[in-house]
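Notes for the one structure printed next.
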Amino acid sequence: MVRENHITASDLIWPIFVIEGQNVTEPVAAMPGVERMSVDRAVEAARMAANLGVPAVAIFPNTPPDRRSEEGEEALNPDNLVCRATRAIREAGIEIGIMLDVALDPYTTHGHDGVLRPGGLVGGHTGVRGDQIVGNDASVEILIRQSLNQAAAGADILGPSDMMDGRIGAIRRALDAEGRQDVMIMSYAAKYASAFYGPFREAVGAADHLKGDKSGYQMDPANGKEAMREIAKDIDEGADMVMVKPGMPYLDIIARAADTFNAPLFAYQVSGEYSMIHAAAANGWIDGEKAMWESLTAFKRAGCDGILTYFAPVVAQRLNG
Ligand code: PBG
């Protein structure tokens, strides 16, 4: 009667991984219970999620190696995996929101979220490759084209996860100019350079070839005030919803954001958070089921409107009895 927060299926966005092929699934070794699915299987997964009351799926591709390149052109292909999956879910008439990431890491041979250009701090840590950095403005140009490509395929929500400066405003203007005012933007507004993304990089096949790290554009885990600036900027540029990522190690950021802004606020309980709970439970060290509910409840308590979580189908099944 006095409980302040509840988890409902409508709080959840389910991230799923797609691969080439027909009627195939592949386990993600570092994420028990998570599979990469061919497009036809992803359609069935989306149908199940919709029937359970989950309002949206976020689709990520495991791009075949021969379609990855230095500049990530596959992101612009109208027939790439995520575009095909989006169209297939739409054509099946399934009533579920489709969110697609805006970033190049599933498409580049170097695994970075943007394109590499000469630059870097003299004698400093560039975080990338030799004398190259991820070029902010050059990346924004291609991310705009990726956004338009994904909107044309039928995405309802675009999630720029690249952390380039100025991309939210640029993407919003480009969408509006093409008559796509209805496509929403959920910005990965405060996205940290985190070790907790490890299992995801295995899932999308970017773990082996990522050069350097992403600290040149993702946030320093030591910074909190900067997160408030990043979120304010993205809302100002036209983000409809904002996200903090990862989740559990950054509950303080979520709580500050909830107190400071009125925009819908989401947390991404990332792959490493999911895997840690599973690994400890598999060893009998914690009760995995209870840890799942407790972690999700913490996000609501901190002030989230919703949560991206790999637990979504399990949670929704429990809630549906
Ligand atoms: C890509 C992207 C990442 C995640 C979502 N989009 C990984 C990264 O930035 O390296 C991570 C999600 C997870 O760990 O579950 N820009």
Side-chain angles (χ1 to χ4, degrees), residues 12-18 28-36 56-63 68 72 74-75 81-82 99-115 127-128 134 136 139-140 142-143 146-147 150 155 157-164 167-168 171 185-221 230 242-250 266-279 295-296 299 307-312:
L12 309 173
I13 297 177
W14 182 23
I16 61 173
F17 300 105
V18 288
V28 178
M31 301 178 74
V34 174
E35 294 176 325
R36 306 182 191 96
V57 289
I59 309 174
F60 296 93
N62 184 296
T63 308
R68 297 178 196 229
E74 179 67 4
L81 266 170
V82 293
M99 171 163 164
L100 297 181
D101 234 45
V102 179
L104 297 185
D105 54 316
Y107 307 105
T108 51
T109 38
H110 45 73
H112 281 284
D113 293 12
V115 289
V128 186
V134 172
N136 192 92
S139 298
V140 171
I142 183 165
L143 295 169
Q146 179 183 25
S147 299
Q150 295 181 159
I157 307 172
L158 296 177
S161 71
D162 54 286
M163 287 301 276
M164 298 303 121
R167 88 279 202 217
I168 299 299
I171 292 169
I185 297 179
M186 180 187 293
S187 85
Y188 287 66
K191 178 174 178 181
Y192 286 86
S194 173
F196 292 99
Y197 307 148
F200 173 96
R201 290 179 190 163
E202 182 215 317
V204 299
D208 299 338
H209 56 260
L210 178 63
K211 302 280 186 298
D213 63 39
K214 301 190 177 183
S215 60
Y217 45 104
Q218 297 181 348
M219 283 184 51
D220 183 344
E230 293 276 6
V242 293
M243 188 207 297
V244 174
K245 176 186 178 189
M248 274 225 287
Y250 299 92
F266 290 76
Y268 198 143
Q269 182 178 50
V270 299
S271 56
E273 301 177 63
Y274 174 88
S275 300
M276 283 196 303
I277 291 173
H278 268 285
S295 63
L296 295 171
F299 292 124
I307 306 142
L308 289 92
T309 176
Y310 302 95
F311 287 119

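Because the structure is predicted, anything quoted here is derived from the model rather than measured. The basis for the numbers below is simple: all heavy atoms, side chains too, and nothing from hydrogens, waters or symmetry mates. Each residue takes its place number in the sequence, starting with 1. Whatever order the structure lists ligands and atoms in, that order sets their numbers, starting from 1.
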Nearest neighbour in protein (non-hydrogen) for [atom]:
atom: atom 12 (C) of ligand 1; result: F200 CD1, 3.3 Å
atom: atom 14 (O) of ligand 1; result: S271 OG, 2.7 Å
atom: atom 6 (N) of ligand 1; result: D101 OD2, 3.0 Å
atom: atom 4 (C) of ligand 1; result: K245 NZ, 2.6 Å
atom: atom 8 (C) of ligand 1; result: K214 NZ, 3.3 Å

With a 4.0 Å cut-off on heavy atoms, is [X] touching ligand 1?
X: M163; value: no
X: Q269; value: no
X: Y268; value: yes

Which atom pair, heavy atoms only, marks the closest approach of [X] to [Y]?
X: V270; Y: F196; result: CG2-O, 3.4 Å
X: L158; Y: V102; result: CB-CG2, 4.0 Å
X: F60; Y: V204; result: CB-CG1, 4.1 Å

Within-4.5 Å side-chain heavy-atom neighbours: [X] and [Y]:
X: V134; Y: M164; result: yes
X: E273; Y: P249; result: yes
X: H209; Y: T109; result: no
X: K191; Y: Y250; result: no
X: Y310; Y: F200; result: yes

Considering the heavy atoms of [X], write down every atom of ligand 1 situated less than 4.0 Å from one of them.
X: K191; answer: 1 (C), 2 (C), 3 (C), 6 (N), 8 (C), 9 (O), 16 (N)
X: Y310; answer: 12 (C), 13 (C), 15 (O)
X: D105; answer: 1 (C), 2 (C), 16 (N)

Do ligand 1 and Q218 have nitrogen or oxygen atoms that lie under 3.5 Å from each other? yes
Taking atom types as modelled, is there a side-chain donor on S295 or Q269 under 3.5 Å from an acceptor on the other?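 Their side chains do contain a donor-acceptor pair, which is all the 3.5 Å distance test asks for.
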Ligand 1 versus A103, non-hydrogen atoms closer than 4.0 Å: side chain, backbone, both, neither? side chain
